Amino acid sequence: MNPKTTVKDYESIVGKSYIEELRMLASRLSGKTILNINSTFVGGGVAEILSRLVPLLNQLGVDVRWQVIPGDARFFKVTKKFHNALHGKHDAVSDEDFSLFLETTKQDLDQIDLSGDILFIHDPQPVALITKRSDIGKQWVWRCHIDISQPDSRVWEFLRQFVVNYDAGVFSSPNFAQELPIRQFFAPPSIDPLSDKNRELPPQAVETVLGKYGLNPDKPLILQVSRFDRLKDPLGVIEAFELVRRNFACQLVLAGGTASDDPESEEVLKEVREQAGSNPDIHILDIPPGSDIDINALQSAASVIMQKSLREGFALTITEALWKAKPVVASAVGGIPLQVKNKLTGLLCHSIEGAAYALRQILANPEYGHWLGRNGKEHVRQHFLITREMRDYMLIFLTLARKEDIIYL
Amino acid sequence: MGIIDWLRVNWPHIAVPALVFLGVFFVSLWLRRITYNALERWVKERMSEVGKIILSVTRGPFLHWLLILGAYIALRVSILDPQSRSLGAKVLASIFIAYLGWILIRLSRDFVHHYLDKARLPQRAVTLTTNIIQVAVIIIGILILLELWGGPMTPILIAAIAVIVIAILAPRDVFPSLVSGLQLTQQKQIKTGDSIRLESGEEGRVEEITWRNTQIKTLDGSMIIIPNTKLVQTTVTNYGKQLKVAKEPFQFSTRLHLKELTGLNARNLSQLVSRLNEVSDSVVYYHTHSFVEEYQFLTPEPTNDFALWVQDALGYDILAERLASIDTFEFPTIGALRQMIVGTIQDFLAQTSNEREAPPGNEFHFIKSISVVLPTPYVAHNLREFVGILTRVSIGSLYFHIFEARLRLQRSTNDFSLWLDDWLSEEELAEQITQLDPYNYTMENLREIIVKLCEKRL
């Protein structure tokens, strides 16, 4: 985050009264210390959101701190397996893996200073720190950032024994909720409108990026930003594009990267290139991580943004697209319907043909596309910006001990 | 030749100037009477304080000035040699200038006291202003006398300018503040107790106007102090004096909400009905109001989550229409609303043989609304303040006082109507707001309509 960014900078985006309310909540947290614990300070969505949330909450006067658990490569290999298993991928997790996880947590407990009134634990890696609860008390909240709607039952049952000891769990989508004896809150993830990926770029910057990738600025651009992963259905996107291209002059950009921890991604990228063949209107861009301005420029230049995933978590790429007031065509999977209300904030599809039909509707009626985009942007403004995530967390911290449905603070 | 012989020879030379002197004097006396009588009438009619001061200070000296004028004219018509006449004229002019200067000092002293006391200026400022004016008058008088008598002007002029500049620069902010303060109090554009709105959007009641600044109590209860020099340069909307004051002020609250996942879900209509019968009112409230909250920016589609799910996940278009057409505004309690929804689904189920199942991943998830209510700093004591606050409070605040108050807190109508009726005796306005069906407007539209209704009343 730009160190000069202040909470006041968000007033022009969400309104003065919204920020006033954040300050009111923050004043009621005065005297409490909230300790965030996750597995890394850099890399990954959790570290990214914490690196923005923590300083902003501090600016509001809330004593929020952030620590990471120490752990070696073997530990993180195991937690990566957990991650995949919770996502529904069948990655063999052995008894030794569980033992190693518990052993490392035990060591972590000796090394970490768990001072704070509320312990805010993020994702599965530090989840077992709760075993210390009987010694130190305090309030514990588990923030689950990942999709656990169809978890591997063995891994979930293992983690569940820790989760049930928390005061509350926080999930990114209603379908991630599990049958648990603890309170579960719904708090979707968010984007930072002032980040490089989401701030408004000057037209020259957009033109420069288009030039860099050899894109025609005068031809309608259809874009999908995602890793080269089969679950993102890049081949389906190309097929839908081919159907549309019969009637509309347009170009397709598939922008993404290959993940070093996903050997399949190279293979998928190769398949995508084969499918695209020599079509000059299909551009496959292998963009390295951290190219936020490039992604922002591509999204800003797009006429339609797609997310034709077969399975999806929350899909922050959709949030980013909507924030740029772009019409979106996306599959009705995962957290996408939370963001795209069909025919109001974008168009949902269930097939390649459906996607092509939706693309044609928007390309033929740019005004309709603009209307969808405008609605989408307002929807994001109200529900998926970092200010809302700050508000939700403060509300959770303030009401943990309260059981009423209407709470007066 | 004796005096008598001299007078016998020269009496016309004495008599003419004496007659001229007396003539001018009596004519002037007559003119003074007419003029001052007219002025007195004018002052009486206008009740002008300024006029009174001028009359009281100048009435006596005016007579003396007339004498000097008579003497001057008599001197001009006398047979004295030119040098003597010139000397006499200079003496008379010098007396007149000194006298005039003295009167100006008296006038300025009275004016300063009159105006600055009204503006509640501290004694220091009154004395300072009086002294500066006196010094200026004396310096100007001396310069004129020097000019008259042909004395050396330049060094005194430089010294005088230096004194004036120092006098002005020393208390640099005093003069602009004084002038601005006077402008505000004398022109009576803004008075204590007025409700005003500044160009910057700040709004509030004028608590005090001093010679340096104006204190305004804003709608959120904080006090802003604006230097008068700035206030006179900005655009101010003055709504005038306070209106009828409410017996009890309206305390604006705001409502933020959390979504609590119940872990309950439904795959078909039977499960939906079964769960609906067991969940708390807060769950039913959430699913009948989430659309209003989630899509505040859209032309409202007053529907509920049940109708949307029945259509999107189960494909029951007719039932979806029936559920969507349930008018939430008609129901005084959530219990009654729940009964209507359950009854509608059960009626449909009774005519359906094969129940459809939602595809995996499209189950209905029951969510509970947790409302967190906080008082805001905004408190309205009258209708003007109420409107001012209404234009700036958050959507959450509007939502709380309109939607939650009625259905969730079981108040007979929205909070605004209750206050307007009970505490401000604005029965008609209260009724107009009660009659609004909030489910048919976006929150911003609703705000605009209520503000317009109140402004019409103002």
Side-chain angles (χ1 to χ4, degrees), chain A residues 14-22 24-25 27-28 149-150 168-171 173-188 311 332-334 337-338 341-342 344-345 348 350 374-375 377-379 381-383 391-392 394-396 398-399 402-409, chain B residues 201 220 252-265 280-283 285-286 291 293-299 301 308 311-313 359-378 391-398 400 404 408-409 442-444:
Chain A
V14 294
K16 200 176 167 189
S17 59
Y18 198 107
I19 302 299
E20 264 178 21
E21 287 176 349
L22 289 184
M24 284 159 63
L25 290 176
S27 69
R28 283 163 172 80
S149 53
Q150 290 171 285
V170 185
F171 297 90
S173 172
N175 31 335
F176 298 170
Q178 298 291 323
E179 281 190 25
L180 290 167
I182 61 168
R183 297 177 81 185
Q184 301 179 71
F185 294 106
F186 166 41
R311 180 117 195 256
V333 294
L338 290 173
K341 198 59 84 178
N342 196 26
L344 290 177
T345 60
L348 289 176
H350 303 84
R374 279 197 303 273
N375 288 343
K377 179 159 187 164
E378 285 312 307
H379 191 40
R381 193 193 305 279
Q382 286 178 20
H383 303 289
R391 193 181 68 184
D392 279 356
M394 286 197 282
L395 285 171
I396 290 170
L398 284 165
T399 58
R402 306 280 293 266
K403 303 292 179 206
E404 316 96 280
D405 292 349
I406 301 175
I407 298 167
Y408 290 88
L409 287 181
Chain B
D220 64 0
F252 281 81
S253 293
T254 190
R255 173 261 192 189
L256 310 171
H257 73 294
L258 274 172
K259 297 169 190 171
E260 185 171 340
L261 302 167
T262 60
L264 300 172
N265 56 52
S280 68
D281 278 0
S282 296
V283 174
Y285 179 82
Y286 175 82
F291 202 92
E293 276 195 273
E294 301 274 315
Y295 297 95
Q296 291 155 6
F297 52 92
L298 286 174
T299 307
E301 300 202 357
L308 288 171
Q311 184 164 42
D312 292 349
N362 284 316
E363 299 84 3
F364 188 91
H365 296 275
F366 288 87
I367 298 173
K368 189 203 272 191
S369 169
I370 306 287
S371 289
V372 180
V373 183
L374 298 104
T376 71
Y378 297 108
T391 55
R392 65 191 64 213
V393 287
S394 69
I395 292 286
S397 182
L398 285 180
F400 174 73
E404 294 233 348
R408 219 172 172 195
L409 301 177
T442 63
M443 293 303 290
E444 284 303 341

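Heavy atoms only: backbone and side chains are in, while hydrogens, waters and symmetry mates are out. Because the structure is a prediction, the values reported are computed rather than measured. Residue numbers start from 1 in every chain, and the chains themselves are labelled A, B, ... in the order their sequence lines are given, proteins ahead of strands.
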Q) Which heavy-atom pair separates Ser369(B) from Arg408(B) by the least distance, and what is that distance? A)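 Residues Ser369(B) and Arg408(B), closest heavy atoms: O-NH2, 2.6 Å.
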Q. Who wins among Tyr378(B), Phe366(B), Tyr285(B) for the most heavy-atom pairs under 4.5 Å with chain A?
A.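 Of Tyr378(B), Phe366(B), Tyr285(B), Tyr378(B) has the most heavy-atom pairs under 4.5 Å with chain A.
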[X], part contacting chain A, at a heavy-atom distance under 4.5 Å:
| X | answer |
| --- | --- |
| Pro375(B) | both |
| Leu264(B) | neither |
| Val393(B) | backbone |
| Ile367(B) | side chain |

Q. With respect to chain B, which residue among Met24(A), Glu404(A), Arg183(A) yields the maximal number of heavy-atom pairs within a distance under 4.5 Å?
A.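 Counting heavy-atom pairs under 4.5 Å, the top option is Arg183(A).
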Q) Counting heavy-atom pairs under 4.5 Å to chain B, which of Arg381(A), Arg374(A), Lys341(A), Gln150(A) comes out on top? A)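 Between Arg381(A), Arg374(A), Lys341(A), Gln150(A), the count favours Lys341(A).
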Would you mind checking which part of [X] comes under 4.5 Å of any heavy atom in chain B, side chain (CB onward), backbone (N, CA, C, O), both or neither?
| X | value |
| --- | --- |
| Arg28(A) | side chain |
| Leu398(A) | neither |
| Glu378(A) | both |
| His379(A) | both |

Nearest-0.5 Å distance, [atom1] of residue [X] to [atom2] of residue [Y]:
| X | Y | atom1 | atom2 | result |
| --- | --- | --- | --- | --- |
| Ser371(B) | Arg255(B) | OG | CZ | 3.5 Å |
| Thr399(A) | Ile407(A) | OG1 | CD1 | 4.5 Å |
| Ile19(A) | Arg391(A) | CD1 | CZ | 10.5 Å |
| Asn175(A) | Phe186(A) | CG | CZ | 9.0 Å |

Q: With sequence neighbours excluded, tell me which residues meet side chain to side chain contact (heavy atoms under 4.5 Å, CB included) with Gln178(A).
A: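 Per chain and number, Gln178(A) pairs via side chain to side chain contact (heavy atoms under 4.5 Å, CB included) with Ile148(A), Pro151(A), Trp156(A), Leu180(A).
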Q) Considering residues at least two apart in sequence or located in another chain, which fulfil the side chain to side chain donor-acceptor pair (under 3.5 Å) criterion with Ser149(A)? A)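 Checked Ser149(A) against side chain to side chain donor-acceptor pair (under 3.5 Å); matches are Asp147(A).
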**Q.** Trace of the side chain to side chain donor-acceptor pair (under 3.5 Å) decision for Arg392(B) with Thr376(B)
**A.** CA-CA 12 Å; Arg392(B) 65 191 64 213; Thr376(B) 71; over 6 Å; no
